Amino acid sequence: MKINYTTKNQRLNVEIDSDSAKDAFKKLSEFQEVFDESNCGQCNNDDLQFIVRTVEGNDYYELRCKSCGAKLAFGQHKSGGTLFPKRKLANGEFDKENKGWHKWNNGN
Ligand SMILES: [Zn+2]
């Protein structure tokens, strides 16, 4: 079955081809987790930019808010090429206030 999914902010559209409900569920969840972030967790602006930085051979995936410069960093699963947003605080608890969006002071 084919599913057409459009993100909440209407900017991205994906066609998901799946062979079962479970497969479709999994693919939609992977897509939503990365691409359905509509607003900055700091200032709520919706002008977000996808960024990949390469540092010493490692790629870092981030969303950056063009308004306030805050970033949401994505971790990479060890296999499968999937990403997940890092929404935990240093103490391991879910970042309820900013949903993982941080402002760094060192300018990168
Ligand atoms: Zn912002």
Side-chain angles (χ1 to χ4, degrees):
M1 72 181 128
K2 280 189 177 19
I3 294 171
N4 251 297
Y5 179 79
T6 305
T7 54
K8 245 181 338 190
N9 62 12
Q10 311 289 315
R11 287 194 183 148
L12 296 174
N13 181 274
V14 70
E15 185 177 271
I16 288 172
D17 202 357
S18 60
D19 49 23
S20 66
K22 278 195 225 172
D23 187 45
F25 203 106
K26 200 172 172 186
K27 285 174 178 167
L28 272 172
S29 92
E30 287 170 5
F31 182 81
Q32 281 189 320
E33 194 161 55
V34 177
F35 296 106
D36 222 345
E37 187 83 8
S38 304
N39 299 84
C40 171
Q42 291 272 351
C43 72
N44 211 35
N45 189 279
D46 65 357
D47 197 1
L48 308 181
Q49 185 177 14
F50 290 89
I51 294 189
V52 182
R53 289 189 300 127
T54 305
V55 180
E56 291 170 3
N58 296 309
D59 289 338
Y60 294 90
Y61 295 81
E62 303 169 341
L63 264 179
R64 181 160 69 196
C65 170
K66 287 192 189 174
S67 174
C68 75
K71 289 177 186 174
L72 175 65
F74 288 84
Q76 304 172 43
H77 291 118
K78 287 201 174 82
S79 62
T82 49
L83 299 169
F84 60 93
K86 293 184 175 176
R87 298 196 198 270
K88 285 182 181 166
L89 299 166
N91 64 10
E93 284 178 23
F94 181 75
D95 180 1
K96 283 186 218 122
E97 198 182 337
N98 299 315
K99 298 189 197 109
W101 285 83
H102 293 286
K103 286 187 184 178
W104 274 273
N105 299 320
N106 59 7
N108 63 7

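None of these values were measured; they are calculated from a predicted model. For the single chain, residues carry numbers from 1 onward in sequence order.
Rounding to the nearest 0.5 Å gives a distance of 10.0 Å between CG of Leu72 and CZ of Phe50. The CG atom of Asp36 sits 6.0 Å away from the NZ atom of Lys8 when rounded to the nearest 0.5 Å. Here OG of Ser38 is found 8.0 Å from CG of Asp46. Values are rounded to the nearest 0.5 Å. If you take CD on Gln76 and OG on Ser79, they are separated by 12.0 Å, rounding to the nearest 0.5 Å. Put simply, OG1 on Thr6 and CD on Glu15 are 11.0 Å apart, with the number rounded to the nearest 0.5 Å. A distance of 7.5 Å separates OH in Tyr60 from CZ in Arg53, rounded to the nearest 0.5 Å.
Environment of CD in Gln49: crowded, with over 12 heavy atoms of neighbouring residues, nucleotides or ligands closer than 6.0 Å. The local environment of CZ in Phe25 is sparse, with at most 12 non-hydrogen atoms from other residues, nucleotides or ligands closer than 6.0 Å.
Nearest heavy-atom pair across Asn39 and Trp101 is O-NE1, 3.8 Å. Closest heavy-atom contact between Cys68 and Cys65: N-SG, 3.3 Å. Summarising the geometry of Ala21 relative to Met1, their closest heavy-atom pair is N-CE, 3.5 Å, with the distance given to 0.1 Å. Residues Glu33 and Phe74 approach most closely at O-CE2, 3.9 Å, considering heavy atoms. Between Phe35 and Thr7, the closest heavy-atom pair is O-CG2, 3.4 Å. In this structure, Lys103 and Ala70 approach most closely via the heavy-atom pair CG-CB, 3.8 Å.
Criterion: ILVMFWY side-chain heavy atoms under 4.5 Å apart, direct or through other members. Under it, Val52 and Leu63 are part of a common hydrophobic cluster. Note on Leu83 and Val14: same hydrophobic cluster, where clusters join Ile, Leu, Val, Met, Phe, Trp and Tyr whose side-chain heavy atoms are under 4.5 Å apart, directly or indirectly.
For the side-chain contact (heavy atoms from CB on, under 4.5 Å) with Arg64, the qualifying choice from Asp47, Leu48, Ile51 is Ile51, the only one to do so.
Ion pairing between a basic and an acidic side chain is recognised when a charged N comes within 4.0 Å of a carboxylate O; Asp95 and Arg87 show no such pairing.
The side-chain hydrogen bond (donor to acceptor under 3.5 Å, both in side chains) contacts involving residues 21-32 comprise Tyr5-Gln32, Asp23-Lys27, where partners must be two or more places apart or lie in separate chains.
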